[in-house]
Amino acid sequence: MIKLGEINTLEILRESEHGAYLIDDEDNEVLLPNRYVPKSFKIYDKLDVFVYLDNEERPVASTDFPYIKRDDFALLRCNEVNDFGAFLDWGLVKELFCPFQEQAFKMKPGGWYLVYCYLDDRTERLVASSKTNRFLDNRELTVNQFDEVDLIISHPSELGMNVIVNKKHTGLIYKDSIFNDLSIGDKMKGIVKKIRPGNKLDIALGQIGYRNIEPNAERILHELHDNGGFLNLTDKSSPDAIKDTLQMSKKNFKKAIGALYKQRQIEIKDDGIYLV
């Protein structure tokens with residue numbers, strides 16, 4: 001079965017004046033326009049193609065892959081807005097449509113928006129929605145405390161930054177756990193720090209508790225090497241000074257230098273820490 005909005009592996013069946021026709025295992029055909037046909041090929045060669053609807057609502061294949069596929073999230077630029085909705089650049093000739101009713105905030109040309117791409121059951125078209133939360137569900141979690149997870153930065157709140165967890169759930173990184181600049185659409189790894197009542201997920205960037213000592217200790221060692229073996233930081237330094245230099249909390253800093261001191265890799269003096 002040829003799937004709209006996904007990468008399909010299909011065979012080249014025959015040539016035509018408009019391009020090459022591809023076929024799947026169930027004898028379904030789709031056109032690969034001339035602009036995408038390889039310069040040299042053989043009949044029954046296999047190609048990986050993305051399939052979507054062209055301007056006349058016909059299935060068409062492309063060897064160019066878009067920035068977003070069906071059932072996925074991505075940060076896309078709005079190219080145009082008309083009376084029906086917005087048109088987003090997703091890397092293909094035909095732009096991705098986002099109806100007004102699927103816009104969390106009214107989109108404007110030139111703006112960037114985090115959207116979800118899905119197949120509309122009524123029109124059987126691929127469309128985008130910036131109302132991303134309605135495609136996420138925390139009722140049945142597929143993660144546990146301390147699991148490493150894939151994150152997409154969603155939107156800020158008064159408490160911190162909302163994130164998409166494993167493309168399935170919503171989570172929150174609290175302000176006091178953010179030490180780097182985060183932008184909507186950024187993708188990164190995180191840890192499930194805590195699961196609160198109602199299956200609310202607290203997320204941390206990095207690892208939790210003693211699991212956090214090793215990478216933070218490594219960061220301190222790198223900084224020491226880069227600064228001639230000395231850092232003007234101690235356990236009495238202000239949290240802001242530690243954050244500015246090492247991008248970590250004072251609590252994690254103290255744990256890390258404690259571990260390095262026990263391993264006899266550093267000396268802790270009144271004016272700072274020294275590499276042994």
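Everything quoted here is computed from the prediction, not taken from an experiment.
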Which atom pair, heavy atoms only, marks the closest approach of [X] to [Y]?
X: T63; Y: V49; value: CG2-CG1, 4.0 Å
X: N138; Y: K200; value: ND2-CA, 4.4 Å
X: L13; Y: I43; value: O-CG2, 3.4 Å
X: N34; Y: S16; value: OD1-O, 4.4 Å
X: V163; Y: L151; value: CG2-CD2, 4.1 Å

Test: D54 and K94 ion pair at under 4.0 Å: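 Between K94 and D54 there is no salt bridge, as every charged N stays at least 4.0 Å from the carboxylate O atoms.
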
Evaluate side-chain hydrogen bond (donor to acceptor under 3.5 Å, both in side chains) for Q247 paired with N180, printing each intermediate quantity in order. CA-CA 7 Å; Q247 292 77 52; N180 298 311; 5.3 Å; no

Consider only side-chain heavy atoms of I, L, V, M, F, W and Y, link residues closer than 4.5 Å, and tell whether [X] and [Y] are in one cluster.
X: V30; Y: L92; result: yes
X: V165; Y: L182; result: yes
X: L10; Y: Y36; result: yes
X: F65; Y: L32; result: yes
X: I153; Y: V149; result: yes

CA sep, side-chain torsions, deciding dist, call: L119, R125, side chain to side chain contact (heavy atoms under 4.5 Å, CB included): CA-CA 6 Å; L119 187 66; R125 298 175 184 171; 5.7 Å; no

Using a 6.0 Å cut-off, check whether atom [atom1] of [X] has over 12 heavy atoms from anything other than its own residue.
X: E140; atom1: CD; value: no
X: R134; atom1: CZ; value: yes
X: K168; atom1: NZ; value: no
X: Q101; atom1: CD; value: yes
X: R264; atom1: CZ; value: no
X: D25; atom1: CG; value: no

The criterion is side-chain contact (heavy atoms from CB on, under 4.5 Å); which residues satisfy it with K251, sequence neighbours excluded? S249, K255

Taking only residues two or more places apart in sequence, or in another chain, which ones meet K187 in a side-chain contact (heavy atoms from CB on, under 4.5 Å)? I152

Where the side chain of [X] meets the backbone of [Y], is there a donor-acceptor pair that is under 3.5 Å apart?
X: N8; Y: K3; value: yes
X: N79; Y: F87; value: no
X: D24; Y: N28; value: yes
X: K250; Y: S237; value: yes
X: T245; Y: A241; value: yes

P109 side chain reached by E80 side chain, heavy atoms, under 4.5 Å: no

Sub-4.5 Å side-chain heavy-atom contact between K175 and L159: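 Of all side-chain heavy-atom pairs linking L159 with K175, none is under 4.5 Å.
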
Within the 6.0 Å centroid threshold, strictly below: W90 and F50: yes

Taking the hydrophobic residues Ile, Leu, Val, Met, Phe, Trp and Tyr, and joining any pair whose side-chain heavy atoms are under 4.5 Å apart, which ones share a cluster with V81? F100

Linking directly or through intermediates, with side-chain heavy atoms under 4.5 Å: list the remaining ILVMFWY members grouped with M1, chain and number order.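 Listed partners: none, M1 stands alone.
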
Got a second to check how far N162's CG is from I184's CD1, nearest 0.5 Å?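 Rounded to the nearest 0.5 Å, the CG-CD1 separation comes out at 10.0 Å.
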
Aromatic plane relationship, Y118 with F135 - under 30° parallel, 30 to 60° tilted, over 60° perpendicular: tilted

Side-chain donor-acceptor pairs of residues 267-276 under 3.5 Å, sequence neighbours excluded:
unit_1	atom_1	unit_2	atom_2	d
D271	OD1	Y274	OH	3.3
D271	OD2	Y274	OH	2.6

Contacts of D71 that satisfy salt bridge (Lys or Arg N to Asp or Glu O under 4.0 Å) - sequence neighbours left out: none

Pick one: which of V37, I12, T9 meets side-chain contact (heavy atoms from CB on, under 4.5 Å) with L47?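 Exactly one candidate clears the test, I12.
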
